[in-house]
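Bear in mind the structure is a predicted one, so any value in this text is a computation, not a measurement.
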Amino acid sequence: MRCYTGSVKHARTSSVLPPAFFRRPVAAVARDLLGKVLVRCINGEHIRSVICEVEAYDGMCDRACHACKGKTPRTAPMFAAGGIFYVYFVYGMHWMLNIVTSDVGYPAAVLIRGVRGIAGPGRLTKALRITGALNGKAATERSGLWIEEGGIKVATRAVRRLPRIGVAYAGAWAKKPYRFLWECDA
DNA sequence: GCAGTGATCATA
DNA sequence: ATGATCACTGCC
């Protein structure tokens with residue numbers, strides 16, 4: 001598996017996170033997404049948001065991961081190679097935004113729970129007008145939604161690792177510290 | 001504390 | 001075809 005080093009070799013190099021960033025173990029990707037910039041393009045306007053809260057969902061053994069019951073039309077995007085979005089609808093009201101990670105065949109993804117100024121995954125998608133239209137799309141400028149290196153260094157001591165929200169049904173997996181929260185103002 | 005809201009999937 | 005479930009939010 002290729003490893004993303006985060007190095008920027010030239011000033012002209014795009015700061016859009018490449019597929020290699022996402023094709024790593026999901027917990028590492030989740031941790032590293034803190035401080036990165038989610039960019040949404042709506043009618044030519046770029047909305048930039050700093051990611052401050054995420055959750056990792058790790059493969060078929062993880063009972064909290066949608067893919068734990070196998071590949072279905074809904075979970076298919078998680079089985080693809082990292083770097084595409086997995087967007088699904090829940091509770092009849094809310095869209096959830098995930099970025100798929102790891103290699104093809106290993107279903108894992110990071111749920112983007114919050115950005116600076118917006119807490120809560122449902123509020124985030126509502127504010128950025130993210131819907132199922134983005135499901136399965138690559139995290140590139142062409143898709144209108146992507147993630148950039150923001151140049152923000154998030155110290156390990158500023159990262160709280162907590163149990164994930166809303167997965168009490170997942171037994172022992174509910175207690176795993178797969179929720180990553182960056183304690184920043186707002 | 002809990003109602004709302006509708007896609008999804010297992011069961012039949 | 002039916003029904004349980006749901007990675008949430010907003011109002012009581």
So, using salt bridge (charged side-chain N to carboxylate O under 4.0 Å, His left out) as the criterion, who are the partners of A:E55 when residues are at least two apart?
A:R113
Hydrophobic cluster (4.5 angstrom, side-chain heavy atoms) - remaining members for A:L162
A:L181
Taking only residues two or more places apart in sequence, or in another chain, which ones meet A:R160 in a salt bridge (charged side-chain N to carboxylate O under 4.0 Å, His left out)?
A:E183
Bracket string, DNA chain B, 5' to 3' - pairs by Watson-Crick or G-U geometry under 3.5 Å, | interstrand
||||.||||||.
Separation of A:H94 atom NE2 from C:dT5 atom P, in whole Å?
19 Å
With sugar-phosphate meaning primed atoms plus P, OP1 and OP2, does A:R74 contact a base, only sugar-phosphate, or nothing at under 4.0 Å between heavy atoms?
sugar-phosphate
Atom-to-atom span, CE of A:M96 to P of C:dT5 - whole angstrom:
20 Å
If I take atom CG from residue A:N98 and atom CE from residue A:M78, how far apart are they, to the nearest 0.5 angstrom?
6.0 Å
Can you pull the salt bridge (charged side-chain N to carboxylate O under 4.0 Å, His left out) pairs that have at least one residue in residues 58-69 of chain A, sequence neighbours excluded?
A:D62-A:R164
Could you state the interatomic distance from CZ (A:F85) to CD1 (A:I147), rounded to the nearest 0.5 Å?
5.0 Å
DNA chain C-proximal residues of residues 105-113 of chain A, any heavy atom under 4.0 Å:
A:L111, A:R113
Please report, rounded to the nearest Å, how far the C1' atom of C:dC8 is from the CZ atom of A:F89.
11 Å
Outermost nucleotides of DNA chain B that come under 4.0 Å of a non-hydrogen atom of chain A
B:dG4 to B:dC9
Which residues, ordered by chain and number, are linked to A:Y178 in its hydrophobic cluster, where ILVMFWY side chains connect at heavy-atom gaps below 4.5 Å, directly or through other members?
A:W173
Do the ring planes of A:W95 and A:F89 sit parallel (below 30°), tilted (30 to 60°) or perpendicular (above 60°)?
tilted
Tested for side chain to side chain contact (heavy atoms under 4.5 Å, CB included) against A:L97, the lone hit among A:I130, A:V110, A:L134 is A:I130
Assign A:M93 to base, sugar-phosphate, or nothing according to its heavy-atom contacts below 4.0 angstrom with the strands shown.
base
Side-chain N or O of A:Y169 versus OP1/OP2 of C:dA7: is the shortest distance under 4.0 Å?
yes
Could you work out, with salt bridge (charged side-chain N to carboxylate O under 4.0 Å, His left out) as the rule, every residue matching A:R179, not counting sequence neighbours?
A:E53
Any donor-acceptor N/O pair, A:R23 side chain to A:G82 backbone, under 3.5 Å:
yes
Please identify each residue that fulfils salt bridge (charged side-chain N to carboxylate O under 4.0 Å, His left out) with A:E148, with sequence neighbours left out.
A:R48
Could you list, one pair per line, each protein nitrogen or oxygen that sits under 3.5 Å from a nitrogen or oxygen of nucleotides 10-12 of chain C, together with the distance?
residue, atom, partner, partner atom, Å
C:dG10, OP2, A:R123, NE, 2.7
C:dG10, OP2, A:R123, NH2, 2.5

Can you tell me which residue pairs pass the side chain to side chain donor-acceptor pair (under 3.5 Å) test with a partner in residues 126-137 of chain A, sequence neighbours excluded?
none
Nearest-angstrom distance from the residue atom CG of A:N98 to P of C:dA7:
11 Å
What integer distance in Å separates A:K176:NZ from C:dA7:P?
19 Å
